[in-house]
Structure formats: structure tokens, C-alpha cells
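Reckoned from all heavy atoms, side chains included, excluding hydrogens, waters and symmetry mates.
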Amino acid sequence: MSQEERQQQIASLFSHNSAVTVIIEGQQYEVGTEGDIQVLVNLPPTFPDEAPVLTVSPTGMRHPWIDSDVIVCDALLSWHSQSSLGMLVHDIFDNFKSHPPSKRATTDEMYGHRPPPPIPTNTPAASQPSLSAEYMTIMNKSPEEIDELLTNDKAFDIFFHSLDRVRNMKTVKGELYNGNENLARKNLSYEDELVRLRTQVDELNQSFQELRSRISEKERQQQDAFKRFSSSTVMTRLKAGVYESEDLSESVAQSFIDGSLDHDSFVKQFRELRKVYHMRASKLEKIQKNESIFS
């Protein structure tokens, strides 16, 4: 049932907000467009029983709902499993539109690189703004304990790493690390398949080059064959045939005149040779008249 509720909460995030980007499926989502304020939604393993951790980008923004780049509001402090993640993020963006966050000023050098802890005030509870769990934890400490946190780095580190928000962020960091590691292992598992496919592509490319070379040779042979039947070649060969037929027929006629060929043989040979001559001469004349069709 917890997984079903978790998926319903994720679905509400998409239904109530635009420009939602999946960073890690089921764990981390980014809401907002590039160039504007973006909210990184981190879902702890026990979500929705445990509240989500929302951080803003760019960092260093100042707003009543932003504490050290982490969003803190009444809806998050009073979070329960029936709360709506989508409506929560939507309301946060509505608040940011009506009260835009501003860039935070530089922290006083007296605190070094550590931001100063919130200092309790005597302001009546009715007029106090909503306080974070960390603020309430500090308010319950004695002045001596607060002074110890400000002066003792080890004590501060122990206190800092005991905060629920910090533990949640460590959990998210670990999940991100594990997710990246699993993704890297998954990519490495494809190495053998990629090598096999690369080898196959190289073999196909080699086969392609061989076939391409064979086609080029066939095209060259085809062009050589076409040259034998070009119009100029046909006309040259036909003219030679006409001259040859004419010379042969004249030779037969001369043999008859010289008396070396009888009448019947002369008529038979001369008629066949002149027949071939006139056929070739007729074809040559037609080609010369219609030469354009062979160009």
C-alpha cells in the first residue's frame, strides 16, 4: 500500500505542476524551467510517511520559506501521509510568485564559513513566523549549550549531523550515489554487445566496399560494351561494309569481263553481292538522315 501511495503522490506532482523533470525515477524530481527558480524534490525511502526534502536552485536565496537552500514551510512541518505533494509544490511556486526570493547577503565574517544559528527572541508566540524544527531544537538549548555550538567545531558537527534534515540529505546523497553507480554498471554491461556490434559493422562495411568495387568494374564493362554500339561506331562499320560489298561486286564484274567467270556464275554472285551492297547502303542513308536519334 505504501508503494501505491508513493506513486499517487508522484502522479499528483505531475498533475499539479508543469515542467517536471525526472532526475531519478521514484526518488528525485526537478520542478521549474531553466532560468527561473527550480525546486529539487527528494523523496526519502519512507515517503509519504516521511516528509519530502525540497531544495531550491539557484543557491543563496533569501525568503521566509528558505533556510540554507532548503524549503521550510508550515505544510512541510505538518506533513502527513495524506498531504498532497503536487499541491504542496504548487503552493510553494505560488508563494514565490507573489513574494519572489532575493539573493542572500554575505554572512558576517565572525561566523567563518558556518552560518549563524537562529537566536531565540521574546516575541509573543502569536506574532512569531512559522519556525523550523531546527530552530525549535536550538530554542530548547541553554545559553551554555548554544555557546558550545558556536565555539566548539566538534560539538557543532555532532549537532549538525544529528538533524533530521541533514540525515535525510545524506540518505538522498547515498541514493544518488548508488543510482549513478548502478547506471555506470549497467552501461558497462553493454560493452561486449557494443564490441560485437562494432565488429559486425566493420565486416559489413568491408563487404560493402568489395561489392562497390565489383559494381564499379561492372559499370566500366557496361560502358565499354555500349561504346561498341554507339551511333558513330555503327556508322563507321556500316560504311566499311558498303565499301566492301561494292568492291566485291566490282571484282566479280571484272572477272566476268576478263572471261574467267561464266555467265551463270557471274549472275548468281553479282546479284547476291549487289543485294548486300544496296541493303547496307540503304541502312546507311537512313542512319545519316536520322542521325539525331543516335546522339
Side-chain angles (χ1 to χ4, degrees), residues 10-11 14-15 18-26 28-30 32-36 38 178-295:
I10 294 173
F14 282 88
S15 62
S18 59
V20 179
T21 303
V22 178
I23 305 301
I24 299 180
E25 183 66 41
Q28 193 176 81
Y29 300 85
E30 187 176 65
T33 57
E34 187 175 355
D36 298 328
Q38 296 174 313
N178 292 334
N180 290 337
E181 183 179 9
N182 292 335
L183 183 60
R185 293 182 184 278
K186 183 178 180 181
N187 290 337
L188 287 174
S189 67
Y190 296 137
E191 182 178 8
D192 293 340
E193 179 68 11
L194 289 175
V195 171
R196 185 186 67 80
L197 291 175
R198 185 180 292 112
T199 302
Q200 185 177 355
V201 169
D202 290 340
E203 292 175 353
L204 290 174
N205 183 63
Q206 183 178 357
S207 177
F208 164 75
Q209 295 298 336
E210 293 175 355
L211 291 174
R212 184 177 181 179
S213 177
R214 290 171 58 184
I215 290 176
S216 298
E217 178 62 22
K218 295 293 184 182
E219 289 178 344
R220 187 191 64 77
Q221 295 176 1
Q222 184 184 54
Q223 292 299 322
D224 292 342
F226 283 160
K227 289 179 181 179
R228 290 183 297 170
F229 300 97
S230 64
S231 58
S232 59
T233 302
V234 171
M235 288 186 63
T236 300
R237 295 177 62 185
L238 193 55
K239 285 180 181 179
V242 170
Y243 296 148
E244 181 183 9
S245 299
E246 185 177 18
D247 289 342
L248 288 174
S249 62
E250 290 297 328
S251 176
V252 171
Q254 187 63 42
S255 297
F256 177 72
I257 293 173
D258 293 341
S260 59
L261 194 65
D262 60 64
H263 179 270
D264 292 338
S265 298
F266 163 70
V267 171
K268 182 177 179 181
Q269 294 182 25
F270 187 79
R271 183 171 58 189
E272 290 297 326
L273 290 172
R274 296 305 291 184
K275 179 180 178 181
V276 173
Y277 165 77
H278 287 297
M279 289 177 62
R280 292 176 176 176
S282 176
K283 291 179 181 179
L284 178 61
E285 184 179 359
K286 288 181 180 179
I287 291 176
Q288 289 174 337
K289 288 182 179 181
N290 303 283
E291 186 177 2
S292 59
I293 66 175
F294 291 91
S295 59

Quiz item: In chain order, what residues pass the side-chain hydrogen bond (donor to acceptor under 3.5 Å, both in side chains) check against Ser265, with sequence neighbours excluded?
Solution: Asp262
Quiz item: Listed by chain and number, what are the side-chain hydrogen bond (donor to acceptor under 3.5 Å, both in side chains) partners of Glu246, not counting sequence neighbours?
Solution: none
Quiz item: Pairs in or reaching into residues 264-273: which pass salt bridge (Lys or Arg N to Asp or Glu O under 4.0 Å), with residues at least two apart or in two chains?
Solution: none
Exercise. Sequence neighbours left out, what passes side-chain contact (heavy atoms from CB on, under 4.5 Å) with Ile10? Give chain and number order.
Key: Arg6, Gln7, Phe14, Tyr29, Leu43
Quiz prompt | Shortest non-hydrogen contact from Arg280 toward Gly241 | solution = NH1-O, 2.9 Å
Exercise. Output all residues satisfying side-chain contact (heavy atoms from CB on, under 4.5 Å) with Leu211, sequence neighbours left out; order by chain, then residue number.
Key: Ser207, Arg214
Self-check item: Heavy-atom pair with the smallest gap, counting every atom of Ser245 and Val276
Solution: OG-CG1, 3.5 Å
Quiz prompt | Sequence-distant partners of Gln254, side-chain hydrogen bond (donor to acceptor under 3.5 Å, both in side chains), two or more places apart | solution = Asp258
Quiz item: salt bridge (charged side-chain N to carboxylate O under 4.0 Å, His left out) with Glu193: which residues, sequence neighbours excluded?
Solution: Arg196
Quiz item: For the atom pair CG (Asn205) and CZ (Arg198), what is the distance rounded to the nearest 0.5 Å?
Solution: 13.5 Å
Quiz item: Is the closest side-chain heavy-atom distance between Met279 and Lys275 below 4.5 Å?
Solution: yes
Self-check item: salt bridge (charged side-chain N to carboxylate O under 4.0 Å, His left out) involving Arg220 - partner list, sequence neighbours excluded
Solution: Glu217, Asp224
Quiz prompt | Within-4.5 Å side-chain heavy-atom neighbours: Gln269 and Leu261 | solution = yes
Quiz item: Between Ser249 and Arg274, what is the shortest heavy-atom contact and its length?
Solution: OG-NH1, 2.9 Å
Practice problem: Just jot down the ring-ring contact (aromatic ring centres under 6.0 Å, His included) partners of Phe256, sequence neighbours excluded, or say none. | Solution: Phe266
Quiz item: Which pairs with one or both residues in residues 179-215 pass ring-ring contact (aromatic ring centres under 6.0 Å, His included), sequence neighbours excluded?
Solution: none
Practice problem: Report the residues that fulfil salt bridge (charged side-chain N to carboxylate O under 4.0 Å, His left out) with Glu244, sequence neighbours left out, ordered by chain and then residue number. | Solution: none
Exercise. Please name all residues satisfying salt bridge (charged side-chain N to carboxylate O under 4.0 Å, His left out) with Arg185, sequence neighbours left out, ordered by chain then number.
Key: Glu181
